[in-house]
> 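Got a structure here, written out as structure tokens. Questions coming.
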Amino acid sequence: MKSIVILISGRGSNMEAIVRAAIPGARVAAVISNRPQAVGLRFAADNGIATAVVDHTGFADRASFDAALGETIDRYAPDLVVLAGFMRVLTADLVRRYEGRMINIHPSLLPAFTGLHTHQRAIDAGARVAGTTVHFVTAELDCGPIIVQACVPVLPDDDADALAARVLVHEHRIFPQAVRWIVEDRVRIEDGRATVCAAPATATLINPALDVA
Ligand code: GRF
């Protein structure tokens with residue numbers, strides 16, 4: 001059974017989608033937030049998942065916050081750490097600790113629009129398509145190997161909220177999908193690029209005793 005730790009900062013709808021997916025061979029061991037008021041903590045607790053808060057406002061600098069965050073994460077010995085709307089930039093040290101086993105969802109078609117306000121920036125740029133990306137986390141913000149993307153049209157009357165809502169539907173679809181692929185050990189990273197291997201073929205068992213003409 002693979003252990004997953006999910007980090008959130010707010011609503012937690014992506015975390016919820018992953019929990020609801022009930023991925024075989026995996027269990028969400030804990031949901032950790034940097035904000036005590038994160039709405040998603042309630043859903044996790046109601047579903048019997050351990051929760052923890054490492055409040056970034058209580059730390060003097062990024063390094064001491066990350067040290068405490070790392071300690072909390074490691075309590076659950078995760079095989080996979082999932083950043084699901086976790087709004088803190090992590091230090092290179094912490095990222096290195098989970099290299100190849102930490103993923104993030106970003107609401108744009110990376111490498112376009114790294115950072116914040118992605119939907120408004122896509123609209124302002126006159127982009128015809130927008131979307132979302134699940135990727136491995138590396139020290140450079142929103143730049144790690146891409147696992148899966150989904151795209152949606154940008155419509156002429158869109159504002160950032162309308163576009164975000166259209167994209168979010170797909171986040172809830174591809175994020176659990178990416179977690180499932182990793183749990184099934186189907187994702188490889190080579191030369192900075194991630195590839196997803198085909199599912200192992202299921203053998204067809206023919207039992208003559210059950211053959212009915
Ligand atoms: C999502 O749009 C995610 O892509 C971005 O922040 C939002 C978090 O939403 N990083 P939620 O907390 O999962 O509902």
Side-chain angles (χ1 to χ4, degrees), residues 4-23 26 28 30-47 49 51-56 69 73 80-90 94-95 98 102-124 127 129-155 158-182 194:
I4 299 174
V5 167
I6 305 181
L7 272 53
I8 64 169
S9 294
R11 179 177 57 182
S13 69
N14 278 289
M15 172 271 296
E16 200 174 319
I18 292 167
V19 171
R20 287 190 194 283
I23 295 163
V28 177
V31 172
I32 301 171
S33 173
N34 64 307
R35 292 207 178 105
Q37 323 82 331
V39 173
L41 289 170
R42 168 59 65 87
F43 172 85
D46 286 351
N47 282 273
I49 298 167
T51 60
V53 174
V54 185
D55 185 346
H56 64 278
L69 182 63
I73 294 172
L80 182 64
V81 179
V82 175
L83 309 186
F86 185 68
M87 303 305 284
R88 301 293 302 169
V89 175
L90 300 172
L94 194 67
V95 169
Y98 303 109
M102 181 186 266
I103 63 174
N104 178 48
I105 190 155
H106 182 76
S108 82
L109 291 174
L110 292 174
F113 307 121
T114 59
L116 296 174
H117 311 300
T118 56
H119 304 301
Q120 191 58 54
R121 286 161 62 207
I123 291 168
D124 293 346
V129 291
T132 179
T133 304
V134 180
H135 64 96
F136 285 101
V137 176
T138 55
E140 206 181 335
L141 185 69
D142 301 328
C143 278
I146 292 170
I147 302 165
V148 58
Q149 295 182 300
C151 75
V152 300
V154 181
L155 301 179
D158 273 349
D159 59 14
D161 288 345
L163 183 54
R166 193 175 307 120
V167 169
L168 192 66
V169 173
H170 293 272
E171 294 191 21
H172 295 167
R173 186 174 58 78
I174 67 168
F175 212 5
Q177 177 67 79
V179 173
R180 184 183 295 262
W181 284 333
I182 291 170

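Note that ligands are numbered from 1 as they come in the structure, with each ligand's atoms numbered from 1 the same way.
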> Return the residue, atom name and 0.1 Å-rounded distance of the protein heavy atom closest to atom 11 (P) of ligand 1.
Ser13 N, 3.4 Å
> Identify the heavy atoms of Asn34 and Ser9 that sit nearest to each other, and give their distance.
OD1-OG, 2.6 Å
> Any idea which protein heavy atom is nearest atom 3 (C) of ligand 1, and the distance to it?
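Going atom by atom, the protein heavy atom closest to atom 3 (C) of ligand 1 ends up being Glu171 OE1, 3.3 Å.
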> Out of Gly85, Gly12, Ala165, who gets a non-hydrogen atom closest to atom 12 (O) of ligand 1?
Gly12
> Taking Thr132's backbone N and O only, do any of them form a donor-acceptor pair with Ser108's side chain (distance below 3.5 Å, no angle check)?
no
> Considering only the protein, which heavy-atom contact is closest to atom 9 (O) of ligand 1, and what is its distance?
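Answer for atom 9 (O) of ligand 1: Arg11 NH2, 3.1 Å.
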> Heavy-atom contacts with Ile105 under 4.0 Å: which atoms of ligand 1 show up? List them by number with element.
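The list of qualifying atoms is 3 (C), 4 (O), 10 (N).
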> Could you tell me whether some N/O pair between His106 and ligand 1 is separated by less than 3.5 angstrom?
no
> Is the side chain of Asn47 donor-acceptor paired with the backbone N or O of Ile49 at a distance under 3.5 Å, no angle test?
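No.
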> Any side-chain to backbone donor/acceptor pair from Thr133 onto Leu110? Under 3.5 Å, distance only.
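Yes, because the side chain of Thr133 sits within donor-acceptor range (under 3.5 Å) of the backbone of Leu110.
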> Has the side chain of Arg121 got a donor or acceptor atom that lies under 3.5 Å from a matching backbone atom of Leu116?
yes
